[in-house]
Amino acid sequence: MRLLLIHSDYINYKTKSKTKIAEDIEDKKKQMHFENSLVVFTAVEEKDEENPEEVVENAKKEIIKVFSQVGADNIVIYPYAHLSSSLSSPDAAKNILQAMKENLIAEGFEVERVPFGWYKSFEISCKGHPLSELSRNIQVEKVKHEKLEDEPSKFHILTEGKLYDPKTFKYESSDLKKLVDYELGNLESTGEEPPHVKIMREKDLADYEPAADVGHLRWYPKGRLIRDLLADYVYNLVTERGAMPVETPIMYDLDNDAIRVHAEKFGERQYRMGTKNKKLMLRYACCFGAFSILSDTFLTWKNLPLAIYELSTYSFRLEKRGEVVGLKRLRGFTMPDMHTICADVKQSMQEFDNQIDMCAQTGEDLNINYEAIMRVTADFMEENKEWVLQSADKIGKPVLLEILPKRKHYWICKMDFAAIDYLGRPIENPTIQIDVESGERFSITYMGSDEVELTPIIIHCSPTGSIERVIGSLLEKTAIKSSEIPPMFPVWLSPTQVRILPIAERHLDFALRLAQEFKSEKIRVDVDDRQETVGKKIRTAAGDWVPYVLVVGDKELVSDQIMVNIRKTQEKLLMDKETLFDRIRKETNDMPFRGLPLPLRLSGRVQF
RNA sequence: GCCUCAGUGGCUCAGCCGGUAGAGCGAUGCCUUGGUAAGGCAUAGGUCGGGGGUUCGAAUCCCCCCUGAGGCUCCA
């Protein structure tokens, strides 16, 4: 419910003509005048119908609160549809407005309700003091009868084809133990901030954008580079496995039934917007665009399985304020999202197995330890027990298995991979889900081998999870490992891979020529040409987490050997440049490369 | 959204039982041309998150709002 509260010197209105939904009224209510009134312009919304008692109660409290602050004499409830783009039915609105009036009268207030469903003229004089114009959004809790009836899930630890009780299982991995504790609600909190938040700002990767909504970030060049490299990585990963990249719009029309029903599964967590004639939602995943393409594509059984891929820059989820944190939980985030059309459940299970391998691969490539949770419905487990045990076993270590007594989402089987952060809490990253609802809902069909139209099964898969969470996981890991190795990114993701420090000004030309050689080897290099001491420059390079720092002075001018500081091992080694080229090439392997998005010379840089 | 805590130069923070805003880092300028984690001196920079209130006087006390952190809950 939306309220606009105006403390007025006076208000008068006059009914003009009826609309189709007009209520019958006495003559005296056709024209009225009130003085020193708190006028409550009210729009009753669709979601209010779920719990009318509560919305009336909450609205009453809010009105009483304002009333007592402004010192009005009476309350005028004025139906005003234009405050909302998702109105309730007229009957529900009339009932709720009437209930508001009666409840307020019961509290001893003088209340009048302006007729509903009439075209009216009105004149209002607003007092203009600070509290004289207020708007309120009255929320209702979703009625939680579903929750109450839910049987709890059963949890097991699954390893080498056998099930164990999570409470008594002997954990070799402390990460898995932490994940299980979290899932079963046994995790005690430390009350600290996850370290990645500070690091992402200190290292000029990303920051909160105060001019946007909560949970939307600005990305500086270094952070942008890492995002792009990770995006390139996932793109290569999925296209090599046959997925076809597409790009789809970020907003969808809620008048489309399939979209509305799918969107409603997400409830309040959507950004809604509208134009004059349309109600729109911002996508919270790529599903909408992907399904829309697939339902318009003619598919036959020979095409399946078939995968399309999109990197959602951005997906939007209106997470609750207290849930939004650093890179871990955002309202605008970037998610690689692949949808695979499978002929039937059996084929989807084969694909699911392949995608487990792909997700596990990302953990290895990014050097992040993932613990896995497999979640299945009881029915699915019963029918496919052998397969579930085998698939989970592909992880190569114990996984947590959740068995849901009833299907309550669109999936019957899913696997989630989580990294564990510095504070021992999971960051959910890759995910695979077998979806048995969306094919039908979005009218996706394919021609079977006997020329009958069939509905496919769809797998959702994010091979890395959101890009922001991947970066968050990498940063958390640096904090966890900082006692063992100096914090740094993998070399292929390091914004500066090699930094050259000329000792004095006369070495600058040499340093710049050397830099060009690294550049042409596709290595991101920069030169610290600032008028600072070597000690200071070394310190700055350490702060920038540069993997290789080269000091060049008089000796290097006359020799092939360069003094190289290696961050990872803390060694200082003399080597020639070809040796270093090889070393970096080996370390960055087949990972994507992009050039340095910053000035080559440190003296030309700005601080963000 | 609810509960708890916080917001002071670009950054990290001190000042907070009311009485003219401080430091370090960074920035700028000058000196120093230096071989491995902060060279020296100087200068600039703040409506103390915003609004309202109490007071002769508010960074400091009170109220509302905004932003951030933690928890609850939910997720990629």
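Small disclaimer: the values here were computed from a predicted structure and weren't measured. Chain naming here is simple, since letters A, B, ... match the order of the sequence lines and numbering starts at 1 in each.
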Worksheet item: Where the side chain of Lys320(A) is defined as all heavy atoms beyond and including C-beta, which of U73(B), C75(B), G39(B) is the nearest nucleotide?
Response: U73(B)
Worksheet item: Among side-chain atoms of Asp365(A) and Gln361(A), is any donor-acceptor pair under 3.5 angstrom?
Response: yes
Worksheet item: For Arg321(A) and A69(B), is the shortest distance between a side-chain N/O and OP1 or OP2 below 4.0 Å?
Response: no
Discussion item. Students often get this wrong, so: under 4.0 angstrom with heavy atoms, is Lys537(A) touching a base, only sugar-phosphate, or nothing?
Written reply: nothing
Discussion item. With rounding to the closest Å, how many angstrom separate the P atoms on G18(B) and U60(B)?
Written reply: 12 Å
Discussion item. So, using salt bridge (Lys or Arg N to Asp or Glu O under 4.0 Å) as the criterion, who are the partners of Lys178(A) when residues are at least two apart?
Written reply: none
Practice prompt. Under 4.0 Å between any heavy atoms, over every strand shown, what does Val324(A) touch: base, sugar-phosphate, or nothing? Just pick one.
Written response: sugar-phosphate
Discussion item. Using only modelled atom types and a 3.5 angstrom limit, is any donor from either the side chain of Glu505(A) or the base of G34(B) paired with an acceptor on the other?
Written reply: no
Practice prompt. Keeping to residues at least two apart or across chains, list the ring pair (Phe, Tyr, Trp, His ring centres under 6.0 Å) pairs with something in residues 464-483 of chain A.
Written response: none
Discussion item. Starting the side chain at C-beta, find the nucleotide from G39(B), A38(B), C75(B) nearest to Glu532(A).
Written reply: G39(B)
Discussion item. Tell me which residues in residues 332-340 of chain A lie within less than 4.0 Å of RNA chain B, going by non-hydrogen atoms.
Written reply: Phe333(A), Met335(A)
Fill in: side-chain hydrogen bond (donor to acceptor under 3.5 Å, both in side chains) between Gln355(A) and Asp357(A), worked out
CA-CA 5 Å; Gln355(A) 295 184 8; Asp357(A) 294 340; over 6 Å; no
Worksheet item: Minimum heavy-atom separation for Glu556(A) to Phe510(A), with atom names?
Response: O-CZ, 3.6 Å
Worksheet item: In terms of side-chain heavy atoms of Lys536(A), which of G39(B), A76(B), G35(B) is nearest?
Response: G39(B)
Discussion item. Can you tell me which residue among Asp526(A), Asp528(A), Asn565(A) is in a side-chain hydrogen bond (donor to acceptor under 3.5 Å, both in side chains) with Arg499(A)?
Written reply: Asp526(A)
